[in-house]
Amino acid sequence: VDSGEDLLRAITQHQILVIEGETGSGKTTQIPQYLMEDVRLHSRRNEIGCTQPRRVAAMSVAARVAEETGVKLGNEVGYSIRFEDCTSERTVLKYMTDGMLLREFLTEPDLASYSVVIIDEAHERTLHTDILFGLIKDIARFRSDLKVLVASATLDTERFSCFFDDAPVFRIPGRRFPVDIFYTKAPEADYLEACVVSVLQIHVTQAPGDCLVFLTGQEEIEACCEMLQERCRRLGSKIAELVVLPIYANLPSDMQAKIFSPTPPGARKVVVATNIAETSLTIDGIIYVIDPGFCKQKSYNARTGMESLIVTPCSRASANQRAGRAGRVAAGKCFRLYTAWAFKHEMEETTIPEIQRTNLGNVVLLLKSLGINDLIHFDFMDPPPHETLVLALEQLYALGALNHLGELTKMGRRMAELPVDPMLSKMILASEQYKCSEEVLTIAAMLSVNNSIFYRPKDKVVHADNARMNFTVPGGDHLVLLNVYNQSGFSTQWCYENFIQFRSMRRARDVRDQLEGLMERIEVEVVSSLEDSVPIRKVTGYFYHTARLSKGGYKTVKHQQTVYVHPNSSLFEEQPRWLIYHELVFTTKEFMRQVIEIDSGWLLEVAPHYYKSKELEDSSSKKMPRKQGKTKDELG
DNA sequence: GAGCACTGC
């Protein structure tokens with residue numbers, strides 16, 4: 001940054017400032033250093049906090065700034081991410097994940113220990129960043145000494161400025177190489193085939209430089225890599241060597257690492273990637289980008305409480321981010337496999353912010369515990385759908401976290417301490433009474449590790465499925481997960497032999513350790529039920545998501561939706577009469593994932609306020625009672 | 001009988 005003095009002047013004059021700058025403009029590393037050196041802003045020994053959407057970014061930026069300023073990482077400059085606090089009493093500049101700062105509001109609602117808060121990569125609009133916007137705007141009103149910087153890429157800075165009461169926008173010039181963009185003349189019917197043809201054309205006709213292809217998921221990536229390899233084999237020595245490498249988040253780490261090895265002389269590297277290469281990792285040497293213009297996006301239907309993952313055209317902002325990946329080391333080229341007209345008229349300007357596409361159970365609980373009672377009127381930059389808030393409130397009421405006035409209960413206050421979904425925190429708290437907290441902690445940790453524990457490579461499907469069957473125990477999937485956790489011993493060798501994802505296991509262990517560490521604070525004693533699965537089944541998944549067998553499928557007890565047991569479930573063939581599911585996902589059908597068998601009588605024992613014996617009668621021919629429970633207005 | 005983009009506390 002050339003204009004450090006100007007920037008400092010602007011910061012002294014305004015409480016909130018929006019900073020617009022491309023990645024590579026040095027805003028993330030330089031600005032906090034200017035602030036640190038400036039005595040006007042730093043007469044008090046308060047911290048400068050700088051949030052990042054990703055853990056690795058927080059760590060690596062902190063390491064770089066520590067090096068540049070010649071201090072030891074963790075002293076004056078440090079970072080704080082889940083499972084890892086690398087700060088000390090001397091820390092002045094702290095890089096952290098946005099979720100971490102959000103959690104800090106629970107212990108320090110006015111962020112008193114900070115003199116400056118920087119929200120970096122604001123344009124990404126992560127769920128946590130969006131909540132921070134509302135909270136920070138609010139505290140800035142009474143903390144006039146707090147400086148707030150909102151740093152974003154070029155897009156949307158006007159909207160940020162507008163949201164923060166017309167805060168001035170300070171622009172920092174970027175340093176990036178130009179990228180030429182090419183469109184197709186007509187739409188492509190088969191974009192996978194078009195990708196393969198484009199890669200080969202680049203390989204044969206273009207100057208040296210590696211190539212990056214954006215696809216939507218594992219299956220597409222595998223298909224594309226196979227097609228490329230097959231055609232290169234057929235062309236044989238007529239063309240130079242092409243090194244084809246897949247990358248996606250679920251790929252085992254040793255295979256991921258291959259994309260970073262240098263391209264052999266005379267050869268060309270092609271990396272076939274998901275969106276992981278759009279923001280999360282950067283590959284050096286990319287000169288060509290091929291963009292078919294699609295991505296998989298999560299969406300959430302609050303009327304049914306169901307999530308789904310759908311292939312959608314990506315936004316113009318996302319397409320531009322992808323193109324930018326070609327211009328990091330030299331001038332590059334981006335080949336878009338859609339027409340210029342489609343780019344202009346058919347693609348959205350920006351991606352829909354996450355807050356509008358996700359379940360908000362834990363966010364609502366967090367805001368309630370910060371004393372924000374009227375969520376409908378909370379200052380969201382883009383408010384979530386009304387139904388999403390209503391469903392979250394309904395769920396929290398059912399779990400006993402809110403009373404009928406929508407106020408936080410003592411139970412809710414304890415639940416908010418745990419960094420997991422409300423259903424999981426409720427079951428952990430309930431496990432105390434049923435003397436099985438030891439097991440329930442493990443189950444909660446395993447359920448909160450979203451991506452699959454079971455590794456199922458295409459060429460070893462039979463082996464993988466056999467390995468998985470060996471973990472089957474009576475009762476349901478929660479107990480299978482508990483069994484896997486207890487057997488694993490966290491050995492890479494064991495995981496490999498049993499087709500278990502080691503990364504997921506390590507994560508489950510970290511989560512479990514963290515949760516166990518919080519048990520004292522919420523006054524839950526850690527005890528084991530010793531082999532008895534009944535108490536575990538009474539509390540796991542908790543009673544909120546129940547379904548009963550009903551001609552060929554299941555019906556949810558509270559909303560009478562037709563749903564099915566997922567074919568990967570250990571209960572797929574058993575089809576028990578009553579069960580509890582952890583989540584609903586819509587793919588080819590409405591599926592319940594992670595289910596456990598229960599006795600309907602338990603529901604009256606565990607949740608008498610929520611179930612009436614009439615709803616639990618077993619004569620399926622009988623007309624179902626009308627929906628009971630609280631209405632929207634009562635919950636407000 | 002399915003098929004899981006990416007993050008984060």
Side-chain angles (χ1 to χ4, degrees), chain A residues 51-58 80-85 96-107 121 124-132 214-223 247-251 273-281 294-299 307-312 314 318 321 351 353-355 357-358 361-363 365-366 416-422 424-425 445 448-458 461 464-465 501 504 507 510-511 514-515 517-518 553 564-569 572-573 575 583 585-594:
Chain A
T51 71
Q52 297 291 319
R54 281 167 294 279
R55 295 160 51 89
V56 272
S80 173
I81 59 179
R82 189 182 186 182
F83 312 129
E84 212 181 325
D85 183 8
M96 63 212 298
T97 46
D98 48 8
M100 206 68 200
L101 184 60
L102 198 53
R103 278 269 141 195
E104 285 191 8
F105 268 91
L106 275 179
T107 47
E121 311 289 353
E124 288 195 28
R125 303 293 306 274
T126 70
L127 175 60
H128 293 154
T129 293
D130 266 25
I131 306 296
L132 284 176
F214 283 101
L215 291 175
T216 64
Q218 178 176 349
E219 209 176 283
E220 248 177 40
I221 289 172
E222 280 169 357
I247 181 111
Y248 45 88
N250 261 340
L251 190 73
T274 58
N275 260 359
I276 194 170
E278 200 179 292
T279 47
S280 303
L281 54 89
F294 291 96
C295 64
K296 269 188 190 159
Q297 223 177 54
K298 192 168 86 173
S299 67
E307 287 183 343
S308 45
L309 208 53
I310 303 164
V311 175
T312 4
C314 63
S318 165
Q321 174 73 23
T351 309
E354 192 185 0
I355 196 169
R357 299 184 282 115
T358 195
N362 42 6
V363 164
L365 182 59
L366 183 89
E417 294 282 341
L418 303 176
V420 287
D421 274 351
L424 298 180
S425 49
S448 74
V449 175
N450 258 339
N451 46 359
S452 182
I453 297 278
F454 300 98
Y455 179 53
R456 202 166 179 268
K458 224 167 74 180
V461 167
D465 287 352
Q501 298 258 22
S504 306
R507 197 172 154 72
D510 287 341
V511 173
Q514 186 190 26
L515 292 175
L518 290 165
Y564 302 89
V565 176
H566 196 278
N568 280 352
S569 166
F572 179 64
E573 269 155 33
Q575 304 277 317
E583 59 178 357
V585 289
F586 181 80
T587 51
T588 54
K589 260 183 181 175
E590 294 82 359
F591 285 116
M592 298 177 280
R593 271 210 300 223
Q594 318 290 15

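Source: prediction; values computed, not measured. Values below: every heavy atom of this structure, side chains too, minus hydrogens, waters and symmetry copies. Chain letters run A, B, ... following the sequence lines, proteins first and then strands; every chain starts at 1.
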(message) For B/dC6 and A/Thr274 - does any side-chain N or O of the residue sit under 4.0 Å from the phosphate oxygens OP1/OP2?
(response) yes

(request) Describe the nucleic acid contact of A/Thr126 in one word from base, sugar-phosphate, nothing, applying a heavy-atom distance below 4.0 Å. (result) nothing

(request) May I ask you to decide whether A/Glu220 forms a salt bridge with A/Lys296, counting only side-chain N to carboxylate O separations under 4.0 Å? (result) no

(message) Output the rounded distance in Å from CZ (A/Arg103) to P (B/dC9).
(response) 10 Å

(request) Write down the distance between CD (A/Gln218) and P (B/dA2), rounded to a whole number of angstrom. (result) 18 Å

(message) Over all strands shown, is A/Lys298 touching base, sugar-phosphate only, or nothing at heavy-atom distances under 4.0 angstrom?
(response) base

(request) Output the distance between atom OG1 (A/Thr51) and atom CE (A/Met96), rounded to the nearest 0.5 Å. (result) 8.0 Å

(request) Counting heavy atoms from C-beta on, name the nucleotide in B/dT7, B/dA2, B/dC9 closest to the side chain of A/Arg54. (result) B/dT7

(request) Identify which nucleotide among B/dG1, B/dC9, B/dA5 has an atom closest to any side-chain atom of A/Arg82, counting heavy atoms from C-beta outward. (result) B/dC9

(message) Whether A/Thr588 contacts B/dG1 is assessed here as follows: a side-chain N or O lying under 4.0 Å from the phosphate OP1 or OP2. Is that the case?
(response) no

(message) Could you tell me how far apart A/Arg357 (CZ) and B/dA5 (P) are, to the nearest whole angstrom?
(response) 15 Å

(request) Select base, sugar-phosphate, or nothing to describe what A/Leu309 touches, counting heavy atoms under 4.0 Å on all strands. (result) base

(request) Ignoring backbone atoms, establish whether A/Arg593 has a side-chain N or O less than 4.0 Å from OP1 or OP2 of B/dA2. (result) no

(request) Look at all strands and tell whether A/Gln514 reaches a base, only sugar-phosphate, or nothing, counting heavy atoms closer than 4.0 Å. (result) nothing

(message) Between C1' on B/dC4 and CD1 on A/Ile221, what's the gap in Å once rounded to a whole number?
(response) 13 Å

(request) Could you tell me whether the side chain of A/Arg55 and the main chain of A/Arg82 form a donor-acceptor pair under 3.5 Å? (result) yes

(message) Can you measure A/Glu124 atom CD to B/dG8 atom C1' for me and round it to whole angstrom units?
(response) 12 Å

(request) List in chain and number order the residues that pass side chain to side chain donor-acceptor pair (under 3.5 Å) with A/Asn362, two or more places apart in sequence or in another chain; answer none if no residue qualifies. (result) A/Asp421

(message) Expressed as a whole number of angstroms, how long is the span from A/Leu132:CG to B/dG8:P?
(response) 15 Å

(request) Determine the contact category for A/Ile81: base if any of its heavy atoms lies under 4.0 Å from a base atom, sugar-phosphate if only primed atoms, P, OP1 or OP2 are that close, otherwise nothing. (result) sugar-phosphate

(request) Just jot down the side chain to side chain donor-acceptor pair (under 3.5 Å) partners of A/Asp510, sequence neighbours excluded, or say none. (result) none

(request) Describe the nucleic acid contact of A/Asn568 in one word from base, sugar-phosphate, nothing, applying a heavy-atom distance below 4.0 Å. (result) base

(request) Report the distance from atom CD of A/Glu590 to atom P of B/dG1, rounded to the nearest whole Å. (result) 17 Å

(message) Looking only at the side chain of A/His128 (C-beta and beyond, no hydrogens), which of the listed nucleotides B/dA2, B/dC9, B/dG1 gets closest?
(response) B/dC9

(request) Write down the distance between CG (A/Leu365) and P (B/dC9), rounded to a whole number of angstrom. (result) 18 Å

(request) Measure from the side-chain N and O atoms of A/Arg357 to the backbone N and O of A/Lys298, and report whether any donor-acceptor pair falls under 3.5 Å. (result) yes

(message) I want to confirm an ordering. Mapping A/Thr216 and A/Asp421 to their closest nucleotides on DNA chain B, which one lands closer to the 5' end?
(response) A/Thr216

